[in-house]
Amino acid sequence: MLVHPSGIDLSSRALRHLSGVLAGHRRRIGSRWRRLSCGRQALLVLAHLRCGDTYARLAAGFRTGIATAYRCIREAVDLQAALAPTLEQAMTTVRKKAYVILDGTVLPIDRIAAGRPYYSGKKKHHGMNVQVLADPAGRLIRVSDALPGAVHDLTAARTHGIPAALAADPTKCWADKAYQSAGPAVRVPFRGKNLCGWRRRHNHDHAKIRSLGERAMATLKCWRLLRKLRCSTTRISAVVRAIVALELAT
């Protein structure tokens, strides 16, 4: 297999952060020798998450076995996922904001044989549903664990306890029509096509505020692995949490 140099559109802070996490883990478990140093392992993991490179391509580029590349990525993802904020920690950040934006997205997966629970009728493809909380500038605050794509956004948000957590605080939350009846803290636009003047203006202003949440979605989708997940559906939550933890750390 031919090997060529490439680049990753991330700052060196992400590499230093992940290298530090891996170095601390190796000290705790008393690891003596590894095929890859902490820096090389961190670079391999970032190439997988950011560029979506497969285990075979990474193994060839880093001159290691495919199984070794898999173990390196799994170890780093689990360590980084443990650093992602919980809902309680996210609420501490939410209280400092004027308002937050709640939205859901379906991350595509290649498990088309996985069955009906993973098929999203809205997106017309198989995937995993995640709920995203963003601040007024469109920066990520928290991303929930992944649920099958067939789960409705409102059901997913309730499953993760997001409306109940928002209701316990005075912070306002803006969301789309999918979150009707989510609770008093979640503001949604009016439903219907032939709306009167003031309701139409309200929906227009609501959309302008909520559109900033698309920046958080774009930030998430910049990690190319999330554009087409090929791993087991049981691993997707850990991958998403690891990516969010990296974004918040850098």
Side-chain angles (χ1 to χ4, degrees), residues 81 83-107 120-123 127-223 226 237 240-250:
L83 302 177
T86 63
L87 183 58
E88 291 74 18
Q89 292 170 336
M91 286 301 110
T92 303
T93 304
V94 166
R95 295 185 192 101
K96 301 175 184 178
K97 307 297 181 180
Y99 62 89
V100 293
I101 302 166
L102 173 63
D103 203 356
T105 187
V106 178
L107 304 176
S120 171
K122 178 181 179 181
K123 298 295 184 180
M128 300 292 285
N129 183 303
V130 293
Q131 299 296 302
V132 180
L133 277 174
D135 68 7
R139 292 184 292 263
L140 285 172
I141 296 177
R142 184 178 184 270
V143 180
S144 71
D145 288 344
L147 293 175
V151 178
H152 191 272
D153 282 339
L154 178 57
T155 303
R158 285 173 171 168
T159 300
H160 298 303
I162 297 174
L166 291 171
D169 293 300
T171 306
K172 301 180 182 68
C173 175
W174 301 81
D176 60 25
K177 296 177 182 178
Y179 297 91
Q180 294 280 346
S181 305
V186 182
R187 299 189 173 189
V188 297
F190 292 106
R191 301 183 69 176
K193 296 181 179 179
N194 300 319
L195 299 175
C196 62
W198 72 270
R199 293 193 176 191
R200 190 182 302 110
R201 289 192 298 271
H202 174 274
N203 281 8
H204 178 72
D205 294 339
H206 187 282
K208 287 174 62 177
I209 296 173
R210 189 172 51 80
S211 64
L212 297 174
E214 295 300 324
R215 295 181 183 177
M217 296 295 185
T219 299
L220 205 60
K221 297 295 179 64
C222 281
W223 297 82
L226 298 183
S237 293
V240 172
R241 288 199 302 267
I243 287 174
V244 171
L246 282 168
E247 278 289 344
L248 296 179
T250 59

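Values below: all heavy atoms of this structure, side chains included; hydrogens, waters and symmetry mates excluded. Every value quoted in this text rests on a predicted model; they were computed, and no experiment measured them.
In this structure, Glu214 contributes its side chain and Ser211 its backbone to no donor-acceptor pair below 3.5 Å.
The two residues Val188 and Tyr179 have their closest heavy-atom pair at CG1-O, 3.6 Å. Ala146 and Ser237 get closest at one heavy-atom pair: N-OG, 2.9 Å. Considering every non-hydrogen atom in both Asp176 and Arg210, the closest pair reads N-CD, 3.4 Å. Residues Val151 and Asn129 come closest through the heavy atom pair O-ND2, 3.3 Å. In terms of heavy atoms, Asp153 sits closest to Gly104 at OD1-CA, 3.9 Å. Nearest heavy-atom pair, Phe190 versus Lys177, reported as atom, atom and distance to 0.1 Å: O-CE, 3.3 Å.
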Side-chain donor-acceptor pairs under 3.5 Å in residues 135-144, sequence neighbours left out?
residue: Asp135; atom: OD1; partner: Ala137; partner atom: N; Å: 3.0
residue: Asp135; atom: OD1; partner: Gly138; partner atom: N; Å: 3.0
residue: Asp135; atom: OD1; partner: Arg139; partner atom: N; Å: 2.7
residue: Asp135; atom: OD2; partner: Arg139; partner atom: NE; Å: 3.0
residue: Asp135; atom: OD2; partner: Arg139; partner atom: NH2; Å: 3.1
residue: Arg142; atom: NE; partner: Pro85; partner atom: O; Å: 3.3
residue: Ser144; atom: OG; partner: Gln131; partner atom: N; Å: 2.8
residue: Ser144; atom: OG; partner: His160; partner atom: NE2; Å: 3.4

Show which side-chain atoms of residues 241-250 pair as donor or acceptor with protein atoms under 3.5 Å away, not counting sequence neighbours.
residue: Arg241; atom: NH1; partner: Asp145; partner atom: OD1; Å: 2.7
residue: Glu247; atom: OE2; partner: Trp223; partner atom: NE1; Å: 2.8
residue: Thr250; atom: OG1; partner: Leu246; partner atom: O; Å: 2.7

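Contact of the Leu107 side chain with the Val240 side chain is registered, since non-hydrogen atoms from C-beta on lie closer than 4.5 Å. Using a 4.5 Å cut-off on side-chain heavy atoms (C-beta onward), Leu133 and Met91 make contact. Looking at Arg200 and His204, their side chains never come closer than 4.5 Å, going by heavy atoms from C-beta outward. A heavy-atom distance below 4.5 Å is found between the side chains of Lys221 and Thr105. Residues Pro163 and Leu166 have side chains not in contact (no heavy-atom distance under 4.5 Å, counting atoms from C-beta outward). Residues Lys122 and Val106 fail the side-chain proximity criterion, which asks for heavy atoms closer than 4.5 Å.
To the nearest 0.5 Å, atom NE2 of residue His206 and atom CZ of residue Arg187 are 8.5 Å apart. Cys196 SG to Arg201 CZ: the interatomic distance, rounded to the nearest 0.5 Å, is 8.0 Å.
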